[in-house]
Amino acid sequence: MYKAKAYSAASATSPLASTQIPRRDTTERDVQIEILYCGICHSDLHSVRDEWSSIMPTVYPIVPGHEIVGRVTKVGSAVTKFQPGDLAGVGCLVDSDHTCPNCRDGLEQLCPNQTLTFNSPDRHQTAPVTYGGYSESIVVDERFVLHVPANLQLAGVAPLLCAGITTWSPIRRWGDLNGKKVGVVGLGGLGHMGVKFAKAFGAHVVVFTTSPGKKEDALRLGAHEVIVSRNADEMQAHAGTFDFILDTIAADHDINAYLNMLGRDGNITLVGAPEKPLAVSAFALLFGRRSLSGSIIGGIAETQEMLDFCGKHDITADVEVIPIQKVNEAYERLVKSDVKYRFSIDMASLKAE
Ligand code: NAP
Ligand code: ZN
């Protein structure tokens with residue numbers, strides 16, 4: 001075991017602050033990674049503030065962060081895919097049981113015995129729970145470590161490990177989007193990646209936003225049209241016309257307003273995870289034979305596929321790089337939807353602690 005510098009929160013109302021955490025020595029299957037950048041996902045904030053207490057109560061202290069990119073510093077004797085000096089990525093998962101039907105199908109994100117990158121019981125018992133990427137290093141089983149294309153800007157790669165795969169997976173699963181009318185609700189970290197991917201697969205992309213100031217950016221990111229969702233006339237003009245909508249909203253909202261945007265057999269997939277249940281109108285589903293579903297991150301092989309695609313097509317997240325010392329300020333801005341479009345922490349700033 002060794003000590004690593006990190007930022008943690010001591011309670012739901014405490015700010016994140018500098019600390020030292022235990023990390024395990026590399027076992028034979030492990031890869032040790034020096035973390036270069038870590039994205040700030042809204043899930044980090046939900047967890048730090050214990051907003052998902054009824055589903056996944058937070059164990060304190062919490063070290064969040066599951067959008068990790070860095071360089072391999074050490075590998076265990078049985079590691080075959082990585083060597084010191086390689087670029088490496090780690091997303092929301094660091095382990096699963098490898099034997100359940102979901103794991104066998106490459107759907108580790110649906111494994112009932114998965115280990116999340118933070119706030120999951122630690123199988124190695126280095127600490128009561130796993131500690132995430134707001135840290136100078138991490139040790140992960142090589143089966144959960146991804147190869148990072150060398151041509152991409154690393155600060156913008158980090159968010160691909162969660163925001164990227166979480167939008168990629170449902171978009172790919174939905175099928176051929178070419179020529180389809182696709183909505184992306186909420187232009188934040190997930191939403192802006194959803195726009196990039198839906199555009200890359202040939203969809204007619206429409207962004208729904210509550211922030212009129214994001215209109216120009218939405219078009220620059222690849223949207224063909226932008227709807228300000230608080231404008232009833234703009235919403236009405238598109239009613240019943242969408243094939244597929246990806247809902248990334250992090251807060252309570254009227255899902256029926258978006259269900260009514262769908263055409264026949266249209267689907268809304270929720271990836272946003274608001275604290276409180278959403279009220280669904282049966283009629284909004286019945287008319288049009290519409291469906292509502294959910295999706296959570298993606299499998300490991302699928303994540304590698306997404307990263308390779310991003311390397312080939314030069315796709316990264318649009319990031320505002322911050323030092324770790326600004327993380328609490330960044331959380332306040334995230335709640336106000338004031339980030340274009342993902343904070344990425346430059347972990348070199350941790351050296352000053
Ligand atoms: P984010 O960067 O804060 O983006 C969320 C966007 O939702 C905001 O930028 C805003 O867009 C919109 N929004 C916020 N509050 C709203 C409100 N009250 N009404 C309507 N729209 C609102 O967050 P994120 O990191 O993209 O994460 C989004 C959600 O997905 C979070 O709940 C997160 O926990 C969840 N998540 C789920 C998965 C998964 O596997 N399913 C993975 C990662 C994250 P506009 O300004 O454009 O309106
Ligand atoms: Zn996330």
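One-based numbering, in listed order, for ligands and for the atoms of each.
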task: Using 2.8 Å as the cut-off, note every protein N, O or S atom close to the Zn ion (ligand 2).
output: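 Counting only protein N, O or S atoms under 2.8 Å from the Zn ion (ligand 2), the list reads Cys41 SG, His66 NE2, Cys162 SG.
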What does the contact table look like for ligand 1 (nitrogen or oxygen on each side, cut-off under 3.5 Å)?
| unit_1 | atom_1 | unit_2 | atom_2 | d |
| --- | --- | --- | --- | --- |
| ligand 1 | 2 (O) | Gly189 | N | 2.9 |
| ligand 1 | 3 (O) | His42 | ND1 | 2.7 |
| ligand 1 | 9 (O) | Lys214 | NZ | 3.3 |
| ligand 1 | 11 (O) | Leu187 | N | 3.2 |
| ligand 1 | 23 (O) | His42 | ND1 | 3.4 |
| ligand 1 | 25 (O) | His42 | N | 3.0 |
| ligand 1 | 25 (O) | Arg342 | NH1 | 2.6 |
| ligand 1 | 26 (O) | Gly189 | N | 3.3 |
| ligand 1 | 26 (O) | Leu190 | N | 2.8 |
| ligand 1 | 32 (O) | His46 | NE2 | 2.8 |
| ligand 1 | 32 (O) | Ala273 | N | 3.0 |
| ligand 1 | 34 (O) | Ser43 | OG | 2.9 |
| ligand 1 | 34 (O) | His46 | NE2 | 3.3 |
| ligand 1 | 40 (O) | Ile297 | N | 2.8 |
| ligand 1 | 41 (N) | Val271 | O | 2.9 |
| ligand 1 | 41 (N) | Ser295 | O | 2.9 |
| ligand 1 | 46 (O) | Ser211 | OG | 2.5 |
| ligand 1 | 46 (O) | Lys214 | NZ | 2.7 |
| ligand 1 | 47 (O) | Leu187 | N | 2.7 |
| ligand 1 | 47 (O) | Thr209 | OG1 | 2.5 |
| ligand 1 | 48 (O) | Thr210 | N | 2.8 |
| ligand 1 | 48 (O) | Thr210 | OG1 | 2.5 |

query: Which residues pass the side-chain hydrogen bond (donor to acceptor under 3.5 Å, both in side chains) test with Asp141, sequence neighbours left out?
result: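 With neighbours one apart ignored, the set is Arg143.
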field: Verify same cluster id: Leu334, Leu187 (apolar side-chain graph, 4.5 Å)
entry: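 No; tracing contacts between hydrophobic side chains, which count when under 4.5 Å, never links both residues.
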- prompt: So, Glu67 and Arg342, do they make that salt bridge, N to O below 4.0 Å?
  reply: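 Judged by the 4.0 Å cut-off on N to carboxylate O distance, Glu67 and Arg342 do form a salt bridge.
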field: Arg289 bridged to Asp265 by N-O distance under 4.0 Å
entry: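 Yes, this pair counts.
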query: Which of these passes side-chain contact (heavy atoms from CB on, under 4.5 Å) with Tyr134: Ile21, Ile40, Leu350?
result: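 Option passing the side-chain contact (heavy atoms from CB on, under 4.5 Å) with Tyr134: Ile40.
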- request: Please list, chain by chain and in numerical order, all residues satisfying side chain to side chain contact (heavy atoms under 4.5 Å, CB included) with Ser120, sequence neighbours excluded.
  value: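 Side chain to side chain contact (heavy atoms under 4.5 Å, CB included) check on Ser120 returns Thr115, Leu116, Thr130.
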- prompt: Is the closest side-chain heavy-atom distance between His66 and Cys41 below 4.5 Å?
  reply: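 Yes. Closest side-chain heavy atoms under 4.5 Å.
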message: What verdict does the side chain to side chain contact (heavy atoms under 4.5 Å, CB included) test give for Glu320 and Ser344, after you've listed the backbone C-alpha separation in whole Å, the side-chain angles of each residue and the deciding distance to 0.1 Å?
response: CA-CA 6 Å; Glu320 177 177 338; Ser344 185; over 6 Å; no
message: Quick check for you: to the nearest 0.5 Å, what is the distance between Ser96 atom OG and Asn113 atom CG?
response: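 Atom-to-atom, Ser96:OG and Asn113:CG are 8.5 Å apart.
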